[in-house]
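The structure appears right after this line, and notes come after that.
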Amino acid sequence: MYAVIIVTRPKIPLEHYKHVSLFWTDLLHLMSGKPIALSSVGPMRNYANDLKKVVTEVIDSYDDMVEFNQRLAEYYKQLSETWVDAQKKVDAKSPSIPQDVENIEAYKRVWIDIFENDFTGLFDSEKFAQNYGKMVSAELELTKHWENILNVMLQSMKLPN
């Protein structure tokens, strides 16, 4: 058996990674196909045949993982920036509030009011809503990839999915 290998140079690093990963998966599948075909019992024969599906699904999930991580970082950045800004406002008002036992409740009310207003403004903003929506979408895409991987593995082992 002869195999023709065509080498292309992808422009995007992730595409290069996908190309190399699938190349090695194909090569391993070709090399291990005969010994695996000889064993007629056990789930490993089916799993070895379906390994390329799993690897392809994992590689395809990387784009969604990168997207999710970017959106998650932006989500926490927005939350932390809002927290810092609200705390600065509270700190600016705190010298005007006397620091005795009787006025601690007044300080709490100021803190609650400022934080409530700033975080309500954040959660009502279009920028937050867009990022949150894209983060949830990326998370759902990741979930679909993981579910597909699990289904391939369960089918390989002749288990219900």
Which residues share a side-chain contact (heavy atoms from CB on, under 4.5 Å) with Lys144, sequence neighbours left out:
Glu141
side-chain hydrogen bond (donor to acceptor under 3.5 Å, both in side chains) partners of residues 113-125, not counting sequence neighbours, each pair once:
Lys89-Asp118
Less than 4.5 Å apart, any side-chain heavy atom of Val90 and any of Phe115?
yes
Please list, chain by chain and in numerical order, all residues satisfying side chain to side chain donor-acceptor pair (under 3.5 Å) with Gln87, sequence neighbours excluded.
Asp91, Trp111
To the nearest 0.5 Å, what is the distance between NZ (Lys108) and CD1 (Ile104)?
8.0 Å
Between the CZ atom in Phe68 and the CG atom in Asp63, the distance rounded to the nearest 0.5 Å is 15.5 Å
Validation row: Leu150, Leu154 side chains within 4.5 angstrom (heavy atoms):
yes
Is there a continuous path of hydrophobic side-chain contacts, each under 4.5 Å between heavy atoms, that joins Phe123 to Val84?
no
For Glu126 and Gln130, which I'm curious about, is there any donor-acceptor pair between the side chains at under 3.5 Å?
yes
Taking Asn131 for its side chain and Arg71 for its backbone only, find out whether a donor-acceptor pair lies under 3.5 Å.
yes
How are the rings of Tyr75 and Phe128 set to each other: parallel, tilted or perpendicular (split at 30° and 60°)?
tilted
Rounded to the nearest 0.5 Å, how far apart are CG of Asn148 and OG of Ser61?
10.0 Å
Say whether Asp60 and His145, considering side chains only, have a donor N or O and an acceptor N or O under 3.5 Å apart.
no
Would you sort out whether Lys127 and Glu74 count as a side chain to side chain contact (heavy atoms under 4.5 Å, CB included), showing the intermediate values?
CA-CA 10 Å; Lys127 184 179 176 184; Glu74 178 64 24; 3.7 Å; yes
Within a radius of less than 6.0 Å around CZ of Phe119, do more than 12 heavy atoms belonging to other residues, nucleotides or ligands occur?
yes
